[in-house]
Visitor: 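Before we start, here is the structure in question, set down as structure tokens.
Values below: all heavy atoms of this structure, side chains included; hydrogens, waters and symmetry mates excluded. Everything quoted here is computed from the prediction, not taken from an experiment.
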Amino acid sequence: AILAQALHKSAPVLARTQKAMSVQRLSTDSVDSILSMDPFPSTCLTFKDLAFTAKLPKGESKTVLEPCSGHFESGELVAIMGPSGCGKTTFLDMLAMKKTGTYSGQVCVNGHKRHPVLFPRIAAYVGQEDQMPAHWKVREALEFNTALKCPPGDAGISRKVTASLIHNLLEVFGLTGVADTYIGGEKVRGISGGQRRRVTLARGVAAQAPLLFCDEPTSGLSSTDASLCVRALRGIAKKMNVLILVVIHQPRREIVELFDKLVLLTSNPGRVAYFGSMAEAPLYMESCGHPVPCNSNPADVYLDLLTPGTEEDDSDALVAAFAEKQKPGLDIVVDAALGAKGLTAKELLVAAHQMNLKGSNEEGPGSKFKVRPYAVSFGTQLGVLLKRRARVTMRNPGAMGIQLAMPTGMGILWGLLFQGICRNEFGTPQLLFIFMMLIMLSLQSLPMISLFIDERAIMKRETSERLYSTGAHILSSFVIAVPVSLLGAMIQTLIILGFAGLQVDYLPTVLGWTLLIFLLFDSLYSCVAAAAPDGNQAMIIATPFLILCILFSGLIITKATAPIYLLWIFEVSPMRYAMQAIVVELAGPTPTLEGQGVLQALNYVAGEEMKGIAVIGCMIIIFRVLQVLFMKFLNNLQK
């Protein structure tokens, strides 16, 4: 009876143990399936005298990381640990070539300086932020990175193999159950924050790069999920000969034992306190007078010793011990590694391509392989981006509502308010009706600015990984967003004009000019969204141009009442040309007495239609070109 009672109490524990063992077996089997291909060529990372000093707003300088040197071998899983403010992320960003601030020192791959264009092709980076489209599905996120990181023509990326790769990645990172669920966000219900973190990590692994940098990939994960992810990373490092550097904050003991190498930093300022094997770290600490107690977590002990201001703080002594015991030998290793030249970034890409073609009878793709800044062509980038854009747009009720539903509703409302107004002779009421309709169309794309800015943030992160070019993103956005928005504007205009009773003879002129005005302001708002840091500043930037167009439309300020030094604005005012062309057309060749008075008061004349089209067309082109330049050079990621 006692035995039966004990077994009954231990049943939940046994069940959890069996579940954990099954998850571990699943992870191992899936990793083996993913990594059935040959390992990558040796890709070592060496850095010497790497340091960073931040410039404070008052002109002062603050040392974030003192000069440090080291060497990492292919196939190693490296843990970078230390207290808050010790420069862990700064150190990782400098190694991954993500640091935008100026730093000193050198970083080499296989003894060669990092190639500024090709290095992102051989390295993948998993940041702390999980920024992805909310209406994207988990499986689609992995398919996206795989399609853009693996060049076409490789034997290893056929549809069948790609599907198998994605399936196994979903299993490895515990995402199979949510593979067809939205990623979600603040306003869209989707997967959990921990699952979103694992999606970001899986996307980095999907790049299949010989270098992988992970900045706190286990943040927000349970201890079991964190162990699952680190085990997967270890399997990838060993079987694929990938060098993986992980910034991790106080992992549990089982996770600590999975790492090959450990880099310990302390803060105020950031300094190296240990650089070596993870397994040998406890013996080293014992030699420094700090034995690790039995059954304790070594990570907790290390952080207690290296956190300034705590009771156990001995960071200064450990830094001095490192300089005495480890640094001389490490400097010898670094100098030897810098002198030993291995494959360059270009040669690594060629070798990876040939590895994927191994066993294939196709010789053409291998002989024609060209090393480019991006893994796939511009056409492939555009196709993949168009596919994602179309899916996300169709699933987003907010975007579809702004672009189609809202214009339709506003068209019905305005149509009811101005019902039958165009059946009367042309006069002041018809003039105000045209003016208000043009203003409404000029404001229609204004709510889209916030969506553009959200997309820009995602684009900046993805282009920094060399997934695609800025031009491909802008063109895909233009191909999908502009036709949908233009369709909404056309529906709105036709509904209003239908209720207003406009004669069919006048429809081409009125519809053409209204849509031209819509395209102009849509390009303006897209340009502003590319330049402004946030939505509020975008509104502030766009408002003056909109006000000037309204004021100098010829209705509020005329050429007769405007100051002489401002008359030139009428020559470039798009609203004036649109108002003039429509009003002259509606007034007809023999306008009524009231119509003649309106034309004379506003100084509207016929014959300037082509000039107006040219002015508006040039403005649209200028705004679109500026949009491309702003997207490429402004609001870049700051690290």
Visitor: If you measure from CE on Met94 to OG1 on Thr89, what distance do you get to the nearest 0.5 Å?
Guide: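 Going from the CE atom of Met94 to the OG1 atom of Thr89 covers 11.0 Å.
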
Visitor: Between the side chain of Lys346 and the main-chain N/O of Leu118, is any donor-acceptor distance below 3.5 Å?
Guide: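 Flag not set: sc Lys346 to bb Leu118 has no pair under 3.5 Å.
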
Visitor: If we ignore hydrogens and angles and just use 3.5 Å, is the side chain of Arg196 paired with the main-chain N or O of Asp130 as donor and acceptor?
Guide: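 Here the side-chain-to-backbone pair does not exist.
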
Visitor: Would you mind checking if Glu455 and Arg389 are paired as a salt bridge, meaning a charged N to carboxylate O distance below 4.0 Å?
Guide: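 Yes, Arg389 and Glu455 are salt-bridged.
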
Visitor: Applying salt bridge (charged side-chain N to carboxylate O under 4.0 Å, His left out) to Glu465 and Lys98, what does each step give before you reach the verdict?
Guide: CA-CA 10 Å; Glu465 289 298 302; Lys98 296 293 182 182; 2.6 Å; yes

Visitor: In this structure, is the centre-to-centre distance between the rings of Tyr506 and Phe426 below 6.0 Å?
Guide: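 Ring centroids of Phe426 and Tyr506 are no less than 6.0 Å from each other.
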
Visitor: To the nearest 0.5 angstrom, please state how far the CE atom of Met448 sits from the CG atom of Leu446.
Guide: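 With rounding to 0.5 Å, CE (Met448) is 11.0 Å from CG (Leu446).
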
Visitor: Are the charged groups of Glu129 and Lys460 less than 4.0 angstrom apart, N to O?
Guide: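 No, this pair does not count.
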
Visitor: Can you tell me which residue among Phe499, Phe418, Trp414 is in a ring-ring contact (aromatic ring centres under 6.0 Å, His included) with Phe433?
Guide: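 For Phe433, the ring-ring contact (aromatic ring centres under 6.0 Å, His included) check succeeds only for Phe418.
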
Visitor: Which heavy atom of Ile517 sits nearest to which heavy atom of Pro574, and what is that distance?
Guide: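 Taking every non-hydrogen atom into account, CD1-O, 3.6 Å.
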
Visitor: Is it true that Glu571 and Lys559 have a side-chain N and a carboxylate O under 4.0 angstrom from each other?
Guide: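 Result for this pair is yes, salt bridge flagged.
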
Visitor: Could Arg203 and Glu462 be called an ion pair, given the rule that one side-chain N must be under 4.0 Å from one carboxylate O?
Guide: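 Glu462 and Arg203: salt-bridged.
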
Visitor: Taking atom NZ of Lys99 as the centre, does the number of heavy atoms from other residues, nucleotides or ligands within less than 6.0 Å exceed 12?
Guide: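 More than 12 within 6.0 Å, yes.
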
Visitor: Please check: side-chain N/O of Ser573 versus main-chain N/O of Ile569, any donor-acceptor pairing under 3.5 Å?
Guide: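 No.
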
Visitor: One thing to verify: whether Arg624 and Asp522 come together as a salt bridge, which I'm taking to mean a side-chain N less than 4.0 angstrom from a carboxylate O.
Guide: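 Yes, this pair counts.
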
Visitor: Given the ring of Phe144, does Arg388 sit roughly above its face, with NZ or CZ under 6.0 Å from the centre of the six-membered ring and within 45° of the axis?
Guide: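 Yes.
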
